[in-house]
Amino acid sequence: MKIKPPIILAVDTPELDTAKAWVECTSEFTSAYKLGLEFFLRHGAQGVRQMQNATDADLFLDLKLHDIPNTVTQAALQVADLSPRFLTVHASGGSAMIQGAVKSAPLSIITAVTVLTSLSEIDWVEIGFAQDTGKSAVALAQMSVKSGAKAIVCSPLEIGAISEAIPAHILIITPGVRPKQDGAKDDQNRTMTPKEAIDAGADLLVIGRPITQLWETGPEAMRERAKAIAGELS
Ligand code: C5P
């Protein structure tokens, strides 16, 4: 069996047809596609089903649930029948909240987002966290795993410390990667190249704009960019 490249395509568009086209033209070089708030708030579960009917690829449903345990338990229940392979929650919602999501969506890998990769150290202090982003991410990851999360989302810079602190079977997923040929960091602050992130111990990479911005040039250019990044990882 051919193992697919460890790339999750961030399908950050509210347009259903565009989302389908992005997944179709990159699916050979990706393991899963990620639908987030932008898509979900526009199309809801019905739109997700249309995506699932259009592709066999695994779904990473990035709703980053974050509320009191009862609300997240109920919210996770509403999307559980979509059976996304991954469903995200914010780790900072706490242990009971994560346990609620795990209970409600038993067929999905509950994936806890530690510290958003867009946040700088200054942003983190401004929000009011006492520890630095690195220490906070490790503590959030440990608590999430104890609460039943089977995957952790963290910045590439935190992969090393987190992988030492949690069991090896827990997946480490990292967004905020930027290929060398892509000078722009966009709104990501704590980045590495895809190859550096995999070498550091990431199991899967979430990659959006470095691939999807090529859509303006055309599907072939987008496909070639996905292929080039996948090639760097093989
Ligand atoms: O376009 P880019 O590659 O920056 O997209 C990164 C994706 O990963 C976005 O969809 C964003 O929501 C998501 N993400 C992130 N940082 C996290 C968790 C998820 O950037 N900590």
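Whatever order the structure lists ligands and atoms in, that order sets their numbers, starting from 1.
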Show which atoms of ligand 1 fall inside a sub-4.0 Å distance from at least one heavy-atom site of [X].
| X | result |
| --- | --- |
| Val206 | 7 (C), 8 (O) |
| Ala10 | 7 (C), 10 (O) |
| Arg209 | 1 (O), 2 (P), 3 (O), 4 (O) |
| Val153 | 18 (C), 21 (N) |
| Val115 | 21 (N) |
| Asp12 | 9 (C), 10 (O) |

Is the shortest side-chain N to carboxylate O distance from Arg49 to Asp81 below 4.0 Å?
yes
Is the contact between [X] and ligand 1 made by the side chain, the backbone, both, or neither, using heavy atoms and a 4.0 Å cut-off?
| X | answer |
| --- | --- |
| Pro210 | side chain |
| Leu116 | both |
| Val113 | side chain |
| Thr212 | neither |

Stepwise salt bridge (charged side-chain N to carboxylate O under 4.0 Å, His left out) check, Arg42 with Glu15:
CA-CA 8 Å; Arg42 172 94 169 258; Glu15 305 302 334; 3.6 Å; yes
Indicate whether the side chain of Ser147 and that of Gln99 have a donor and an acceptor atom separated by less than 3.5 Å.
no
Heavy-atom nearest neighbour of atom 4 (O) of ligand 1 within options Lys34, Arg178, His90, Lys64
Arg178
Donor-acceptor pairs under 3.5 Å, side chain of residues 66-76 to any protein atom, not counting sequence neighbours: which ones?
residue, atom, partner, partner atom, Å
Thr73, OG1, Pro69, O, 2.6

Using the side-chain contact (heavy atoms from CB on, under 4.5 Å) rule, pick out the option among Ile229, Leu9, Ile198, Ile8 that qualifies with Leu205.
Ile198
Look only at the side chain of Lys4 and the backbone of Thr30, and say whether a donor-acceptor pair between them is shorter than 3.5 Å.
yes
According to a hydrophobic-cluster definition based on side-chain heavy atoms being under 4.5 Å apart (Ile, Leu, Val, Met, Phe, Trp, Tyr only), do Met222 and Phe29 belong together?
no
How does the hydrophobic cluster around Val138 look, that is, which other residues are in it when side-chain heavy atoms under 4.5 Å mark a link?
Val145, Ile152, Ile159, Ile162, Ile166, Ile170, Ile172
